[in-house]
Participant: 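My questions will all concern the structure given below.
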Amino acid sequence: MELVLADIEVVYGKRTRNHAVRGVSLRVRRGETLAVVGESGSGKTTIAKVAAGLQKATSGTVAWQATGDGGVGGGPGGSPARRQRVHMVFQHPVQSLDPSWRIRRSVKEPLRYLGMADDEAERLVRRLIAEVGLDAQILDRYPREVSGGQAQRVAVARALVADPEIVILDEPTASLDQTVRGRILTLLADLQVRTGVGYLMITHDISSVRRLATRIAVMYRGLIVESGPAAAVLEDPRHPYTQALISAVPVADPRVRWDGVVALPRHPDGTLAVTSCPVPGSCHEHGPGLHEVGPDHVAGCTKAVDPQKAATT
Amino acid sequence: MAVVDAGAALRGNLVSRLRVGNPAAVVAFAVLGTILTLGIVVPFVAGSGDVAQEYDGLLPPSFDHPFGTDRFGRDVFLRCMAAARIDIALGLAVAVAVLLVGSLIGAVSATFGRGVDAVVMRATDVLLAFPGVVLALVITASLGKNPWYAAIAVVIAFIPLLVRLARSKALEVRSADYIAAARLSGASTWQIATRHVLPNSFKYPFVQSTLVASWAILDFAALSFLGVGVQPPDAEWGAMIAEGVGDNLLGSWWPSFFPGLMILLTAASFQVIGDWLDRRLR
Amino acid sequence: GSGPASDDGTGGGDGGSAAVDELVVAYSQDIDTLDPHQFKTDAGYGVVGNIYGTLLQESYTDGGDGVLSYAGESAPYLAESATWDETQTTLTFELKEGQQFAGGEPVTAEDVVWSLQRALSDVGYVQAIGQWLNITDAATDIVATSDTTVELHVTHYSPLIEQFLAFQIFAIIDKSAVEAQAAADDPWGAGWLAAEATASGPYVVESRVPGQSMTLAKNPEFTATDLGDAPERIVVQSMPDPQQAFLALQNGAVDVIFGMTPDTAEALEQSDGLELYDLEYSLVAYVGFNYQDPVLQDVRVRQALSYLMPYDALREDVMKGYAGAAYGAVPYPMRDSLDETGEQVAYPTDVERAQELLAEAGYEPGELSLTLSVPASDESLSQSAVFIQSALRDGGVEVEVNEMSDADYNENLGSMQMFLDSWYSWGQDSVYQMFFLLTTGVFTNYTNFSNPEVDELVRQAMATADPDERRALSQRAQQVIIDEAPWAFLFTRDYLVGTREGVTGVTHANDANLRFDQLRVTN
Amino acid sequence: MLRTTGKRAGVALVSILGVAVLTFFITQLLPGDPARIAAGQYASEEQVADVRAKYGLDQSVPAQFAQYMGDFFRMDLGTSIRTDQPVRDELTSRLPATLELGLTALLIAVLLGVGLGVTAAVHRYRIGDRLVQVFVVLASATAVFWIALVAITTLVNGWGIFTSPTGRLPRGFAPPEHVTGLYVVDALLAGDPATAGAALRTLLLPALLLGVLASPSIVKIVRSATIRALESDFARTSRSFGYPARSILFQDGLRNSLLPVITNVGLVAGFVLAGGDVIIEQLFAWPGIGGYAYSSLQENDLFALRGYVIAIGVAYVLINTVLEFVYGWVDPRVNLAEGS
Amino acid sequence: MSLLTVRGLSIQTRTGVSLVRDLSLDVGAGEVVGIVGESGSGKTMTALSLLGLLPDGVHVSAGEAELEGRRFLDGPRMLARPNATMIFQNPTAALNPTMRIGAQLVRLLRFLDRSGTDGSAGRRRGDVRERAAALVSSVGIADPAAVLGRYPHQLSGGMNQRVMIAMAIAARPSLLVADEPTTGLDVTVQAQILDLIRATVAQHGIGVLFVSHDMGVIAQMCQRVAVMYDGEVREFAAVDDIYHRPGDAYTRELLASASDHPRPEEVADGTRAG
Ligand SMILES: Nc1ncnc2c1ncn2[C@@H]1O[C@H](COP(=O)(O)OP(=O)(O)OP(=O)(O)O)[C@@H](O)[C@H]1O
Ligand SMILES: Nc1ncnc2c1ncn2[C@@H]1O[C@H](COP(=O)(O)OP(=O)(O)OP(=O)(O)O)[C@@H](O)[C@H]1O
Ligand SMILES: [Mg+2]
Ligand SMILES: [Mg+2]
């Protein structure tokens, strides 16, 4: 099964008309991880919400398509059939758990709505809690009584308990400690191997992308400016923004010298300038369309086809 | 991350501090409990003090009459206690009614959005714009002189406040991540409203309603003072003060002083309990 | 503005008979209107009575105790003379020479005719009283025969005619000034006269703070009497709270309080430097029993209830002794009252007798429960209600007290089961009193009492011009009423005026009003 | 900015209309027959009928409503039944008294509220704070009529600190020439400090009572806002530079905590204008619109009462609308005109 | 000769809970010393204690600190204000929301002029606003006039952090304490801020105590690193030693979680190619 978002446009506010997402298409499959990266405010969370059916797209479609592995076809976003297929792990783990419910109830919730018998549900919940590396006694606690890392594990367990096809991860580790972050990422990878779940991971943390992603989509001001296999995008970024983004990540090794920050022009208030393309003749206003720059690798820059030209600025 | 952990630690700290005993809240509970107990027990044992000329008029406070007697020769203490029943019952009734009606309207307004919400908001605007006491006076004047009518008037005056609070809290909760999570888990709108939104937003109106109880006692007393609350010879603190104004100005301070003190103690207790609940539940 | 006055608040009021600068008179209500035919509050009444002159004026005798008592007759005022013709059907007034309204217009016979016609018109409620002038049609029976002569044509003589013409409801108003302001839908200029005055009396309105006070100054145009010693300025202050008014008197903020409550009167009597004028009036307080109520139709029930009333407690504890006994509907000191001392009681408190009567009527103790309505704003009445409730409960009758706002109370007069009311008849006339309160079909007969004998006796009394016959008829009617007990006759209320020491000239008038120009300050 | 201005004005207008409509129907509920009151206790049925016709009370409710709304738009509040005067004139002539009392009370409430709130915040969680909290609880649990009574017996009658409640000026002072209608201001304008002082002394006690009882909500807000500000990251920044405590208190603490006060002032004004005012004016024989409303209600003066309720309702809406603007203007975060 | 020396620093709450125990470290002039560690391990408390900014209810219970050889902290007592300034996480919140940027800079410059702690009374001359403008352009802000006229909420986090750095430099400190100054910023913005801090260190030769939990940032910014765990310094050594010869188990775990080694090989079962 794959989740397909086609030509999604999202405009916030009737009057203010904040065009948050401008014609984004992407697909997520079982077993793979699509990472959406990009700067703050570029529309990543919006895309995640649209994919999860929590936000209506102004235009465009969200659909399930059967892939070769023989799933059922799906209805449009928000239909009950979809609900068990997609779940989500939120950026702030504690806030994603109802403060007045014990952990057990929160994790069991999806099963209850599926009509599962309680003892079976209980068994499942215990298994998942163990799988995410938690002790069963945490089930009797309230969200405020657990740490952020624990809460995120609980959230992962809840997301997986009803065996969804796809889990959307909206910056799943952003609010976590470095060491906890590593453990959660490892956990997510393990679970994917075991259950074959697909991830749509929203993040701006390149290091988690490196560890988890099979494919990467780079968002910039509501558009996808580059997408392709993880390795290709990380090793050979073509769009100037992708290049800047990757070069900006400090390498966690003091022996590797890190000074290749590609500077992008900015407004006085610090937001990227509209004309931020370092290559004159900027194109993102109208969207140049994505150009094939490698196998399954596209970039939204006319100059990106020739990597030499784009990188020299 | 630090924010979360420090917060939890702090909260843990606070909660335990409250448990160990918030002296003010303990005192408030004790005062309220005493007044309420006396209010229930004393009239049983000693009558409600509504017989005129049982004693001499305007006796100052003494051992026999701790609060003195009024111009009708009635024991002010007995009447204060008889009044406690009415006043506290009314305060609580108003608080409960305001809480239920207010949260319901607020929740409906928040849930149905747009049209309903706009109407409810404008309606509360308009109600808020009305001078509370005068509104209540007009309503009681229209309905007739009866403590329950006065209570209805007070309820109407306070509902907009609770509607707004309940609505804004419901809206806040509705946009929380755990609601989105519940939706993804397959909860229906109704299930979300009843299992998540209501329980989580209810505590704010609930806390507020203790304050409403305190204000209601004050407002109800004000209405009685202005002469629309209870009928003689029933005792009510505001009405007792009104009866005692003349005596007070002419030197007999006790028939009006003690009922006012009762109002102060009761309303203050509700306030303190409200503050305490507020800190406990947040 | 004027500077601060001296602490005793009277400015130049030092000694002798020199006119004081300013006297502050406190009333418990605000001045509602200046229209002599529309007022409802005492304060409005008081002001109107002092800014408008009337044809006649009550004459007073100075008792030497600071009180000016009604001398039993009316004296000319704006009129030079009032003369009856032979048949006693025409009363001719000759106006005094050279009189002017405060605006400078002369006072003419035309003004007088118009003013009397206005009083008897439907502009106000005075017309109900107007019939006591025995005038058939105001438009034709009141005529100016010259610039200074006015004739009243009446059906027959009555002593009340001259007495009533001295009341301020028959104020003389400047016709031309009012008509200049009148509108098509308001031919009598009611809108204008409500706030403006064309003073023909001793005082004019100098200034006003709405809701607080009105300042009157001597009318420079007034020539009907000598105002030489009258206070230069009167401030009519509204002080809704009687105790506050008393305290204000005590600390010199006011000089006179009109209409005190018994408890403040008592306190006042005990304070140094203050004077209480305790004036007996036939202002009767009663509990009315509604004849339309099935329970109360039984005379035994009415009598039983009358026997249960705590008369002593009411007079002593509520009225603090500033009250007399009320013997029947026409109490002392009303003219022709059966009781000439003010001490007789028709149904003395007698619980046993009451219970016998109730038993006869078929009610065991505790079986009867009734509602007593009382106007909340009248402190003495609402306090009385508490005592009555308690006393009746002792007698086995449950009473629910219903305190009502004035508006509500007035609205429901006539339909309430039992009600506490007090009534004062201008002129203290027994026939007038019985006519309004106890004859069939009169709308101020709030008990719906209906007795053919009483109706007939009152009718005859109204028609007779002979005082002795009138008295006999009246007293027979009074006795019937006592036996029927349509009311519980509670007590008569004294009129209580408090002043600071040295204020004299308090009028014990038939219209229960102060004549500001008579007030003096001596020291 | 223009759009929000229009929107706010629209909301205000809708609220005012709502106030007018609701007032009509609520006063419609009043028991009793205003015409009977107007005609007087001794009037005959025909006279009552005439009066009824004169005030249009004989018409159907919808017709009366249409008439009423028409009058409302013409800013005509009808004629008082009691005094036969236009209600609007009666209200406007009494308004200065209420304004003088209300504004002074508001000023006292704000000064006291901010002062105590800041004191509590500075001494947070310590004894000073506790004392302020006690004040807050007591002041918000005190019945205004009771404390007024206690104050009158002790402060006026007992110790003579304040002048006797006989209106706006003690005996012997004439009202100053009408400029603003506020006696203290007018007397000062007229160069008559003696009268101004006397007016102030008379005004002070009722204003203090109202102000003190209205202050707790401001104290609470200022306290928590100031604490939040003083414990905020930006106050910590200021401390990191070693700014003096005063500068931190005023520039970081107070500046940020005054914003919520603005919105609260609307509520407090509501209390001062309407709630407490009716009772205080009654007790102090203060010739304002509150006392007017009370006697109108007593006398069932339908039109006067309506006029009063409308006046207060409209004033409340206007005050809050103005405050919203002020808020938008003072708080850069909601100032849309400047948004980038 | 080190610039900052901290010895035996212990921090406790009022109720006696120990937040930091026996912490010692030093920072040399022109040196950037990092503090990494688990969340809640006391990094922020350590940083705040050096400037006397501990929140209510938390205090230094023991230890001493010297800056430029002058003892300024002795146990619970702050002996003097150290010549140090600090920049914080969440720069937007660290600036007064009701004052324009310009006003905040002017307030600081005036204060510095008055107190004269930087020992340059001569700087009194010159228009404060001009100096403010010069200051913000010195931190790489292209249009100072525009920025000075704005409120913090009208600027991005990165821009506000530049302003904070400008203010921190204006005081001419000898030590700059930075508590996670780039957490929450976009990586591209973070890179620029880090560049700016490096440039500032180079230009003014000041010492920096740099708190972060990002091993990448620490690796690139610092010369020496202290690793904290549960209120204690586990390891304090040169950055290369920490990253390549970690002596502590917790340090190793940190490094392991930070290294972005690709997905475990056993996962490569074909799904990756998708
Ligand atoms: N509910 C909303 N109403 C109006 N505008 C919104 C709403 N949610 C997001 N936006 C706007 O849409 C744009 C994209 O927001 P979004 O949250 O999708 O960005 P993001 O890439 O997730 O950013 P971040 O990395 O900061 O989370 C932003 O300009 C944001 O201000
Ligand atoms: N005001 C306070 N009162 C009491 N304890 C506090 C207070 N603030 C923080 N703490 C506690 O102090 C400890 C150290 O906190 P600190 O903020 O220094 O951690 P940190 O290392 O900076 O963490 P992070 O990386 O999450 O910012 C934590 O356990 C925290 O709960
Ligand atoms: Mg996001
Ligand atoms: Mg920290």
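Proteins get letters first, then strands, A, B, ... in listed order; numbering begins at 1 in each. Predicted model only: the values in this text are computed from it and were never measured.
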Participant: Identify the heavy atoms of D/Thr83 and C/Thr33 that sit nearest to each other, and give their distance.
Facilitator: O-CB, 4.4 Å

Participant: So, the side chain of C/Gln244 versus the backbone of D/Phe284: is there a donor-acceptor pair under 3.5 Å, distance only?
Facilitator: no

Participant: Can you name the closest pair of heavy atoms from D/Ala285 and C/Ser238 and give their distance?
Facilitator: CB-O, 4.3 Å

Participant: Heavy-atom distances under 4.5 Å only: say whether D/Ile289 touches chain C with side chain, backbone, both or neither.
Facilitator: neither

Participant: Taking every heavy-atom pair that is under 4.5 Å apart, which of C/Gly44, C/Pro240, C/Ala195 has the most such pairs with chain D?
Facilitator: C/Ala195

Participant: Applying side-chain contact (heavy atoms from CB on, under 4.5 Å) to C/Asp122 and D/Asp50, what does each step give before you reach the verdict?
Facilitator: CA-CA 9 Å; C/Asp122 59 2; D/Asp50 284 351; 3.6 Å; yes

Participant: Below 4.0 angstrom, N of the basic side chain to O of the carboxylate: do C/Asp30 and D/Arg94 qualify?
Facilitator: yes

Participant: Shorter than 4.5 Å, heavy atoms on both sides: which option in C/Ser377, C/Ala253, C/Ser213 has the most such pairs with chain D?
Facilitator: C/Ala253

Participant: For the residue pair C/Val209 and D/Tyr183, establish whether any side-chain heavy-atom pair is separated by less than 4.5 Å.
Facilitator: yes

Participant: With respect to chain C, which residue among D/Arg168, D/Gln282, D/Glu90 yields the maximal number of heavy-atom pairs within a distance under 4.5 Å?
Facilitator: D/Arg168

Participant: Do other residues, nucleotides or ligands put more than 12 heavy atoms under 6.0 Å from the CD atom of D/Glu177?
Facilitator: no

Participant: Between CG of D/Asp301 and CG of C/Asp32, what distance do you get to the nearest 0.5 Å?
Facilitator: 10.5 Å

Participant: Report which part of D/Leu149 has an atom under 4.5 Å of a heavy atom belonging to chain C: side chain, backbone, both, or neither.
Facilitator: neither

Participant: On a heavy-atom basis, which atom in D/Gln85 and which in C/Gly191 lie closest, and how many Å separate them?
Facilitator: NE2-O, 3.5 Å

Participant: How far apart are the closest heavy atoms of D/Pro287 and C/Pro210, and which atoms are they?
Facilitator: CB-O, 3.2 Å

Participant: If you look at every heavy atom in C/Glu22 and D/Arg171, which pair is closest and at what distance?
Facilitator: O-NH2, 3.4 Å

Participant: When rounded to the nearest 0.5 angstrom, what distance separates CZ in D/Arg82 from CD in C/Gln29?
Facilitator: 9.0 Å

Participant: C/Asp241 versus chain D, heavy atoms under 4.5 Å apart: side chain, backbone, both or neither?
Facilitator: neither

